[in-house]
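Structure first, then comments.
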Amino acid sequence: MKPYADGKRFNSYNHYLRGVFGEKVYKIALDAHFTCPNRDGTLAVGGCTFCSREGSGDSVQERAAPLSEQFALYKDMLQSKWPAGKFIAYFQAFSNTHAPVSVLRERFEGVLAEENVVGLSIATRPDCLPDDVLDYLAELDRRTFLWVELGLQTIFDRTADAFNRGYPFDTFLRAVENLREREIRVCVHIINGLPGESREMMLETARVIGRLDLQGIKIQLLHLLKNTPMEALYISGGLRFLERDEYVSIVCDQLEVLPPDMVIHRLTGDGLRDKIIGPLWSIKKWETLNAIDREMETRDSLQGKYYK
């Protein structure tokens, strides 16, 4: 079976961006100092039980600094290694539409005005998209290259209730419909290895996502961090980590049932070394990514092989 133009057997984000912009484009992770509705009491407190105090923004540089300083620091670091290229500002930490439009406008527009920024990627929750926010996102989409990233993790509400997601799957479906009515690109986040989920449940999440009007996906490994609520579940014996070979096999199964044109933004993640409890093999991120490539080659498979 013939690989994609970059030699990968899936539609990689890097390959996709080069097709759009004709050059290398880097994402710069930012913390815009938002919070989350199931942390601040709007819905609940404590957040998702796997989520760190940084709100999934552990990789952000100098997170307490103003956005302009965060951006400059990361940009300088990237350009010291790779002088050429453009940038997408990635609003990563917490829920980046959980604020009035006036606040969103102030924070997004400032970064969008930075030199060589060609787009925005905004991570949020599907229950943080009221009509006025959706309309502002549609305005942004007309002016720049925009992705909205929605944290779903699983289609199974029973699993989601256990980790305190705070909204049902139907809320996600409505958010996708509202975003796509405005022709905004949507990337969904899922997690493999959530407590209580079988291999077949993880594959079913991918199958269902593949039938929705979604343009991208991030596939993430559950890695347990210190001082998160889920740590207590692990200590009590209620959480089993996936082995690397197991994770690689599941990801390849998922790639095979996703649409061949869906953009694969991520295939794993890595917790910070000083914070991660496990699985420790995930620290070696490139070994996992290389193992996924090898497994797809061994299978002589491609993304979408079994997509219907």
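The 12-atom threshold is not exceeded at CD of E183, counting heavy atoms of other residues, nucleotides or ligands nearer than 6.0 Å. For Y234, the OH atom counts as loosely surrounded, since its 6.0 Å shell holds 12 or fewer non-hydrogen atoms of other residues, nucleotides or ligands.
At distances below 3.5 Å, at least one donor-acceptor pair connects side-chain atoms of E231 with backbone N or O atoms of N227. With R244 contributing its side chain and S282 its backbone, the two residues share no donor-acceptor pair below 3.5 Å. Of the possible polar contacts, none joining the T144 side chain to the D141 backbone as a donor-acceptor pair under 3.5 Å is found. For the pair N290 (side chain) and W286 (backbone), a donor-acceptor distance under 3.5 Å is present. The backbone N or O of P259 sits less than 3.5 Å from a side-chain atom of Q303, completing a donor-acceptor pair. A distance-only check finds a donor-acceptor pair linking the side chain of T298 to the backbone of R294 [under 3.5 Å]. A donor-acceptor contact shorter than 3.5 Å is absent between the side chain of N192 and the backbone of V251. Here the side chain of S80 pairs a donor or acceptor atom with the backbone of M77 at under 3.5 angstrom. Side chain of T154 to backbone of I190: no donor-acceptor contact under 3.5 angstrom is found.
One hydrophobic cluster, built from ILVMFWY side chains closer than 4.5 Å, cannot hold both F87 and V20; they sit in different ones. Under the 4.5 Å side-chain heavy-atom criterion for ILVMFWY residues, a single connected hydrophobic cluster contains both L112 and L30. Taking hydrophobic clusters as Ile, Leu, Val, Met, Phe, Trp and Tyr residues chained together by side-chain heavy-atom distances below 4.5 Å, V148 does not share a cluster with Y13. Hydrophobic clustering keeps V263 apart from V186 (ILVMFWY residues linked when any side-chain heavy atoms are closer than 4.5 Å, directly or through intermediates). Under the 4.5 Å side-chain heavy-atom criterion for Ile, Leu, Val, Met, Phe, Trp and Tyr, I88 and Y16 are members of the same hydrophobic cluster.
For Y26 and Y74, the ring centers are positioned 6.0 Å apart or more.
P279 places a side-chain heavy atom less than 4.5 Å from the side chain of L221. L173 places a side-chain heavy atom less than 4.5 Å from the side chain of L212. Inter-residue side-chain proximity for Y4 and P260 is flagged as met; some heavy-atom pair is nearer than 4.5 Å. Under the 4.5 Å side-chain criterion, counting only non-hydrogen atoms from C-beta, K305 is not in contact with R299. In this structure, the side chains of R39 and H98 stay at 4.5 Å or more apart for every pair of heavy atoms. Contact of the D157 side chain with the R165 side chain is registered, since non-hydrogen atoms from C-beta on lie closer than 4.5 Å. The side-chain heavy atoms of R174 and D170, taken from C-beta on, include a pair separated by under 4.5 Å. Using a 4.5 Å heavy-atom cutoff, the side chains of T268 and I219 are not in contact.
Only one option out of V133, I122, N96 pairs with L104 in a side chain to side chain contact (heavy atoms under 4.5 Å, CB included); it is V133. The side chain to side chain contact (heavy atoms under 4.5 Å, CB included) test with I184 singles out one residue from V176, L146, N178, and that residue is L146.
Look at D127 and R125 and you find a salt bridge, because one of the NZ, NE, NH1 or NH2 atoms lies within 4.0 Å of a carboxylate O, short of that distance. A salt bridge does not link E114 to K75: none of the charged nitrogens lies less than 4.0 Å from a carboxylate oxygen. A salt bridge links R207 with E204; the closest basic N to acidic carboxylate O contact falls under 4.0 Å. R199 and D253 are joined by a salt bridge, as a carboxylate oxygen and a charged side-chain nitrogen come within less than 4.0 angstrom of each other. The residues E149 and R266 are annotated as not salt-bridged, no charged nitrogen and carboxylate oxygen being separated by less than 4.0 angstrom. Under the 4.0 Å criterion applied to side-chain N and carboxylate O atoms, R182 and D135 are assigned as salt-bridge partners.
With hydrogens and angles left out, the side-chain atoms of H189 and Q220 include no donor and acceptor closer than 3.5 Å. Between T42 and D40, the side chains place a donor N or O and an acceptor N or O closer than 3.5 Å (distance only, hydrogens not considered).
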Trace of the side-chain contact (heavy atoms from CB on, under 4.5 Å) decision for M262 with N11
CA-CA 7 Å; M262 181 176 279; N11 187 23; over 6 Å; no
Let me see the working for Q215 and D213 under side-chain contact (heavy atoms from CB on, under 4.5 Å), right down to the final yes or no.
CA-CA 7 Å; Q215 291 63 58; D213 186 11; 3.0 Å; yes
Apply the test side-chain contact (heavy atoms from CB on, under 4.5 Å) to residues L222 and M230: give CA-CA distance (whole Å), side-chain angles for both, the deciding distance (0.1 Å), then the verdict.
CA-CA 11 Å; L222 176 71; M230 194 175 280; 4.0 Å; yes
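F145 and W147 have perpendicular rings, their planes meeting at more than 60° on a 0 to 90° scale where under 30° would count as parallel.
Nearest approach of P195 to L239, heavy atoms of both residues: CG-CD1, 3.7 Å.
A cation-pi arrangement, defined by a distance under 6.0 Å to the six-membered ring centre and an angle within 45 degrees of its axis, is present between R107 and F34.
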